[in-house]
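What follows is a set of notes on a single structure, which appears directly below.
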Amino acid sequence: MPELPEVEVVRRGLERWTAGRTVDEVQVLHPRAVRRHLAGGADFAARLRGLRFGTAMRRGKYLWVPLDEVESSLLGHLGMSGQLLVQPQEAPDEKHLRIRIRFDDTLGTELRFVDQRTFGGLSLHENTPDGLPDVIAHIARDPLDPAFDDTAFHLALRMRRTTVKRALLDQSLISGVGNIYADEALWRSRLHYERPTAALTRPRTAELLGHVRDVMREALDQGGTSFDSLYVNVNGESGYFDRSLDAYGREDEPCRRCGTPMRRRPWMNRSSYFCPRCQRPPRIA
DNA sequence: ACCCCGACCTGCAGGC
DNA sequence: TGCCTGCAGGTCGGGG
């Protein structure tokens, strides 16, 4: 799915429904779902058994559950189509169920990783000294993290020889932003996606960051963005921020500021949506 | 050291 | 009906 708001919705669900529970049986039903666990599915299952879940954490689009009494965590990424669901044990298996985690209590629910396209997955990793799974040490803090450094971000943009949307999607510069919220924040900022980052003034960066934060917080308040049943919380419910989108998916619909038909352009094997009047391209595009 | 592109998957919609 | 193409909210590795 999912960008930061959708992943945060899932994190809150994990915190509520799985914190403090101890793993009993683990079933790995598709090897690709544990491909980041280099020792393989059997090792993944054997190591996880008997460990107790702590409080789920998130950085950008990555989620992890610290495991009690070992300096390691269960790391998850939803990829494009992953779901973490807390389901009654007796609920029928989903078509794309990849991993099942049962607990040793009597609550009657289990954790399921369901993923149509298998771009996501779960894995176990040692923590760095600051409690982060070691394999995501390169992921930047996200803009809702109180420790995100706005000044360092601006200076990094000035140094880069790239364009503003590429930079927003670069998870080592700023994490949690994906194709939807990049287009939304750029529309709010009246910035064309191909504007070079090196020309951004400090106030423009500040404005852009403000819009990134606003759109993510608004989406979170509405349970995230769901166009279909692929993007759901741990109870299988969709968010409804899709009704509030101003740019993404609005090709040929009127710009909500000036009425000009919105455009879609193929961009890096995906799409960029923008208003051709409010968001003028740079001279050298 | 950057920066960019293709590869990795499955399923759906639309055109012919 | 079926085949083909294009498209989908992400990340990473390797080439330039």
Quick one: label [X] by what it contacts on the DNA or RNA (base, sugar-phosphate, nothing), any heavy atom closer than 4.0 Å.
X        : result
A/Asn269 : base
A/Thr225 : base
A/Arg35  : nothing

Which residues in residues 151-177 of chain A have a heavy atom closer than 4.0 Å to any atom of DNA chain B?
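The answer is A/Arg160, A/Arg161, A/Thr162, A/Arg166.
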Less than 3.5 Å apart, which donor and acceptor atoms pair up between the side chains of residues 236-244 of chain A and the rest of the protein, not counting sequence neighbours?
unit_1: A/Glu237; atom_1: OE1; unit_2: A/Asn233; atom_2: ND2; d: 2.9
unit_1: A/Ser244; atom_1: OG; unit_2: A/Gln222; atom_2: OE1; d: 3.4
unit_1: A/Ser244; atom_1: OG; unit_2: A/Gln222; atom_2: NE2; d: 3.4

Quick one: list whatever passes salt bridge (Lys or Arg N to Asp or Glu O under 4.0 Å) with A/Asp105, sequence neighbours left out.
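Listed in chain order: A/Arg21.
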Among all residues two or more places apart in sequence or in another chain, which pass the salt bridge (Lys or Arg N to Asp or Glu O under 4.0 Å) test with A/Glu15?
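For A/Glu15 the salt bridge (Lys or Arg N to Asp or Glu O under 4.0 Å) partners, ignoring immediate neighbours, are A/Arg11.
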Whole-Å distance between [N] [atom2] and [X] [atom1]?
X        : N     : atom1 : atom2 : result
A/Asp242 : C/dA8 : CG    : P     : 16 Å
A/Trp267 : B/dG6 : CH2   : P     : 13 Å
A/Glu251 : C/dA8 : CD    : C1'   : 15 Å
A/Arg270 : B/dG6 : CZ    : C1'   : 13 Å

Does a side-chain N or O of A/His77 approach OP1 or OP2 of C/dT11 to a distance below 4.0 Å, or not?
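Looking at the OP1 and OP2 atoms of C/dT11, one of them is under 4.0 Å from a side-chain N or O of A/His77.
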With respect to the phosphate group of C/dC12, does any side-chain polar atom (N or O) of A/His138 fall under 4.0 Å of OP1 or OP2?
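Answer is yes, contact under 4.0 Å.
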State whether [X] and [Y] are salt-bridged, where the test is any N-O pair (Lys NZ or Arg NE/NH1/NH2 against Asp/Glu carboxylate O) under 4.0 Å.
X        : Y        : result
A/Arg257 : A/Asp246 : no
A/Asp115 : A/Arg98  : no
A/Arg112 : A/Glu94  : yes
A/Asp142 : A/Arg59  : no
A/Arg141 : A/Asp149 : no

Give each stem of DNA chain B as a range with a range, requiring at least 3 consecutive Watson-Crick or G-U wobble pairs whose two distances are under 3.5 Å.
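Stem segments, range with range: B:2-8 with C:10-16, B:10-16 with C:2-8.
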What pairs meet the salt bridge (Lys or Arg N to Asp or Glu O under 4.0 Å) rule with one or both residues in residues 62-87 of chain A, with sequence neighbours excluded?
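Qualifying pairs: A/Arg52-A/Asp68.
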Pick the nucleotide of DNA chain C nearest each of A/Arg36 and A/Tyr248; which residue has the one closer to the 5' end?
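Final value for this comparison: A/Tyr248.
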Give the minimum heavy-atom separation between A/Phe113 and A/Gly120, together with the two atoms involved.
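For A/Phe113 versus A/Gly120, the nearest heavy atoms are CZ-C, 3.8 Å.
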Just to be sure I understand the geometry, which residues of residues 56-67 of chain A put a non-hydrogen atom under 4.0 Å away from DNA chain C?
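Per residue number, the list reads A/Lys61, A/Tyr62.
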When you measure from every atom of DNA chain C, which of residues 179-187 of chain A have a heavy atom less than 4.0 Å away?
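Contacting residues: A/Asn179, A/Ile180.
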With no hydrogens and no angle check, is any side-chain donor or acceptor of A/Asp145 less than 3.5 Å from a backbone partner on A/Ala147?
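Such a contact is found between A/Asp145 side chain and A/Ala147 backbone.
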Among Ile, Leu, Val, Met, Phe, Trp and Tyr joined by side-chain contacts under 4.5 Å, find the other residues sharing a cluster with A/Val9 and list them by chain and number.
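Under the 4.5 Å side-chain rule, A/Val9 groups with A/Leu220.
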Among all residues two or more places apart in sequence or in another chain, which pass the side chain to side chain donor-acceptor pair (under 3.5 Å) test with A/Gln171?
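Once residues adjacent in sequence are excluded, A/Gln171 has no partner under the side chain to side chain donor-acceptor pair (under 3.5 Å) criterion.
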Name all residues meeting the side chain to side chain donor-acceptor pair (under 3.5 Å) criterion together with A/Ser73; count only those two or more places apart in sequence or in a different chain, and write none if there are none.
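Expected list: A/Asn127.
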Would A/Tyr248 and A/Tyr181 count as a close aromatic pair, with their ring centres under 6.0 Å?
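A/Tyr248 vs A/Tyr181: aromatic centres not under 6.0 Å.
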Which nucleotides of nucleotides 8-14 of chain B have their base under 4.0 Å from a protein heavy atom (B), which only their sugar-phosphate (S), and which neither (-), written as one string 5' to 3'?
BBBS---
Begin with the C-alpha distance, continue with both residues' side-chain angles, and end with the deciding distance and a verdict on side chain to side chain donor-acceptor pair (under 3.5 Å) for A/Lys61 and A/Ser175.
CA-CA 7 Å; A/Lys61 305 170 197 171; A/Ser175 67; over 6 Å; no
Say you pick atom P in B/dC9 and the same atom in C/dG14; how far apart are they, in whole Å?
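Roughly 16 Å separates the two P atoms.
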